[in-house]
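These notes concern the structure reproduced below.
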Amino acid sequence: MAGSPDFDLYRPAEEHDMLRDSVRALAEAKIAPFAAAVDEEARFPQEALDALTAADLHAVHVPEEYGGAGADALAMVIVIEEVARVCASSSLIPAVNKLGSLPVILSGSEDLKKKYMSRLAKGEGMFSYCLSEPDAGSDAAGMKTRAVRDGDFWVLNGVKRWITNAGVSEYYTVMAVTDPTKRSKGISAFVVEKSDEGVSFGAPEKKLGIKGSPTREVYLDNVRIPADRMIGEEGTGFATAMKTLDHTRITIAAQAIGIAQGALDYAKGYVQERKQFGKPIGDFQGIQFMLADMAMKLEAARQLTYSAAAKSERLDGDLTFFGAAAKCFASDVAMEVTTDAVQLLGGYGYTRDYPVERMMRDAKITQIYEGTNQVQRIVMARNLP
Ligand SMILES: Cc1cc2nc3c(=O)[nH]c(=O)nc-3n(C[C@H](O)[C@H](O)[C@H](O)COP(=O)(O)OP(=O)(O)OC[C@H]3O[C@@H](n4cnc5c(N)ncnc54)[C@H](O)[C@@H]3O)c2cc1C
């Protein structure tokens with residue numbers, strides 16, 4: 001899985017195909033059997049975390065020098081795609097481990113990388129990403145969480161909202177204001193640990209989908225951390241947070257295409273079994289055309305996502321546009337494809353006895369987080385190729 005900046009990402013290499021086969025087998029054997037219960041009970045998919053960690057798939061992006069698999073951006077996409085195909089909540093384990101830790105990889109000191117990336121790679125703790133706040137969502141630079149210097153320490157106070165895997169993760173990348181006069185240039189990033197005094201969590205949000213992925217507030221109450229936990233220079237936290245999203249929006253696109261593929265696969269099988277008017281409904285051209293459209297849109301989303309992954313790996317100048325475009329397009333496709341999958345199952349699709357309604361509910365979040373699709377359009381418009 002060693003990354004090569006030269007690979008032709010429009011056509012995955014043999015090693016990517018092998019990775020897909022092995023993740024698919026693991027996902028079907030060890031994650032899929034629990035997906036419905038995880039959703040129904042809104043509980044963390046511990047089975048998925050255990051299986052992914054045992055197979056070293058929980059954080060494949062961590063570079064080899066810190067004990068990770070050093071997987072390239074396309075390998076990361078494939079892992080998330082295949083896990084999301086059976087359980088979107090579980091796919092947030094590798095996805096958010098990358099989101100939370102990429103600020104350290106991109107901008108952190110060598111000491112921070114050594115300390116935290118090796119722990120993440122070993123499976124000693126997951127990483128979460130704390131940007132959003134109750135009054136700062138799309139306008140993330142309007143955050144209020146403060147970090148004030150006190151000798152060799154920083155003291156953090158504030159509330160972060162909607163934090164994925166909060167409470168389960170050991171490590172948190174927290175963006176906080178260090179100079180209120182400078183707006184985005186007065187924001188810095190820090191690593192906060194769950195065990196730091198003054199860190200606590202809100203009640204899990206009651207959500208429409210991805211119910212197995214805990215989303216909670218993170219409270220920072222006079223959290224005093226050593227100054228060397230700052231990620232990069234003072235005032236660079238917001239830029240690091242945005243640079244991170246350029247790369248990780250591609251993982252949300254991967255999640256979207258995985259969910260959509262799961263729904264399409266299920267619907268494809270169903271229409272061959274279900275008979276009406278004396279024959280399988282899949283024999284009707286009206287049904288065949290729906291499936292053709294679903295597959296066409298999904299493949300277009302996949303190609304855009306793989307292309308964006310290549311740009312992420314090569315650090316191309318147009319990555320910001322492509323990351324936003326892939327996330328926006330793939331998530332819209334996921335919503336369309338999963339809604340059509342429910343339609344293809346008729347009344348049965350509308351019940352929890354079949355997985356497609358869960359996939360439709362899970363798909364919705366991909367249009368909202370890591371920037372809503374309106375925000376993606378703002379990003380694209382500002383970075384037109
Ligand atoms: C399940 C879940 C998990 C999440 N995980 C994380 C996480 O791990 N870490 C983290 O930091 N955040 C996380 N988020 C937060 C997420 O990124 C925000 O919810 C998102 O960015 C939108 O912010 P908001 O909810 O405050 O909506 P708002 O910003 O209030 O937006 C409301 C509506 O207004 C629209 N809008 C806003 N501004 C404009 C504009 N300028 N032009 C046009 N339309 C606009 C939006 O598109 C949206 O439709 C998560 C959210 C959810 C629901």
Side-chain angles (χ1 to χ4, degrees), residues 38-39 42 44-45 80 84 88-103 126-145 158-177 184 187 189-192 194 201-220 231 237-238 240-249 251-253 255-256 259 323-324 327-328 331-332 334-335 358 361-382:
V38 158
D39 174 67
F44 181 72
I80 293 171
S89 292
S90 299
S91 71
L92 280 159
I93 292 169
V96 174
N97 273 340
K98 179 164 181 177
L99 173 67
S101 65
L102 198 59
M126 297 202 296
F127 245 98
S128 287
Y129 176 90
C130 306
L131 179 68
S132 307
E133 297 187 359
D135 295 321
S138 300
D139 182 16
M143 68 177 62
K144 297 198 185 90
T145 295
V159 178
K160 292 292 174 182
R161 181 170 283 180
W162 311 117
I163 306 309
T164 299
N165 292 343
V168 186
S169 290
E170 284 297 322
Y171 311 114
Y172 297 81
T173 288
V174 174
M175 270 52 77
V177 176
S184 69
I187 291 171
F190 301 87
V191 178
V192 171
K194 180 178 166 179
F201 304 99
E205 303 291 347
K206 295 175 187 152
K207 307 192 297 288
L208 173 72
I210 56 160
K211 292 189 179 197
S213 172
T215 314
R216 300 170 70 176
E217 285 188 327
V218 176
Y219 305 122
L220 303 158
I231 302 171
F238 194 75
T240 297
M242 294 302 111
K243 217 191 293 175
T244 297
L245 294 177
D246 282 348
H247 295 276
T248 57
R249 281 175 179 148
T251 67
I252 302 305
Q255 186 182 44
I259 296 169
K327 189 278 202 198
C328 188
S331 58
D332 285 350
M335 206 60 237
R358 164 169 55 86
R361 287 185 285 106
D362 286 346
K364 183 63 199 170
I365 191 59
T366 62
Q367 295 180 308
I368 296 172
Y369 56 17
E370 296 209 20
T372 64
N373 280 3
Q374 285 92 338
V375 166
Q376 304 310 316
R377 288 176 168 93
I378 296 171
V379 172
M380 284 187 274
R382 285 183 186 153

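Indexing begins at 1, ligand by ligand and atom by atom, following the structure's order.
- A donor-acceptor distance shorter than 3.5 angstrom exists from the side chain of Lys194 to the backbone of Gly167, with no hydrogens or angles considered.
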Enumerate, one pair per line, all nitrogen or oxygen atoms of ligand 1 lying under 3.5 Å from a protein nitrogen or oxygen, stating the separation to 0.1 Å; write 'none' if no such pair exists.
{"residue": "ligand 1", "atom": "5 (N)", "partner": "Trp162", "partner atom": "O", "Å": "2.7"}
{"residue": "ligand 1", "atom": "5 (N)", "partner": "Thr164", "partner atom": "OG1", "Å": "2.8"}
{"residue": "ligand 1", "atom": "8 (O)", "partner": "Thr164", "partner atom": "N", "Å": "3.0"}
{"residue": "ligand 1", "atom": "8 (O)", "partner": "Thr164", "partner atom": "OG1", "Å": "3.2"}
{"residue": "ligand 1", "atom": "9 (N)", "partner": "Tyr129", "partner atom": "O", "Å": "2.8"}
{"residue": "ligand 1", "atom": "11 (O)", "partner": "Leu131", "partner atom": "N", "Å": "2.9"}
{"residue": "ligand 1", "atom": "11 (O)", "partner": "Ser132", "partner atom": "N", "Å": "2.9"}
{"residue": "ligand 1", "atom": "11 (O)", "partner": "Ser132", "partner atom": "OG", "Å": "3.2"}
{"residue": "ligand 1", "atom": "12 (N)", "partner": "Ser132", "partner atom": "OG", "Å": "2.7"}
{"residue": "ligand 1", "atom": "14 (N)", "partner": "Trp162", "partner atom": "O", "Å": "3.4"}
{"residue": "ligand 1", "atom": "29 (O)", "partner": "Ser138", "partner atom": "N", "Å": "2.9"}
{"residue": "ligand 1", "atom": "29 (O)", "partner": "Ser138", "partner atom": "OG", "Å": "2.6"}
{"residue": "ligand 1", "atom": "47 (O)", "partner": "Thr372", "partner atom": "OG1", "Å": "2.6"}
{"residue": "ligand 1", "atom": "47 (O)", "partner": "Gln374", "partner atom": "OE1", "Å": "2.9"}

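- With hydrogens and angles disregarded, a donor-acceptor distance shorter than 3.5 Å links the side chain of Tyr129 to the backbone of Ala241.
- Checked against side-chain contact (heavy atoms from CB on, under 4.5 Å), Ser184 has the following partners two or more places apart in sequence or in another chain: Ala141, Phe238.
- No side-chain donor-acceptor contact under 3.5 Å links Ser89 and Ser213.
- Listed by chain and residue number, Gln367 satisfy the side-chain hydrogen bond (donor to acceptor under 3.5 Å, both in side chains) test with Lys364 (two or more places apart in sequence, or in another chain).
- Not counting sequence neighbours, Asn97 has no partner by the side-chain hydrogen bond (donor to acceptor under 3.5 Å, both in side chains) test.
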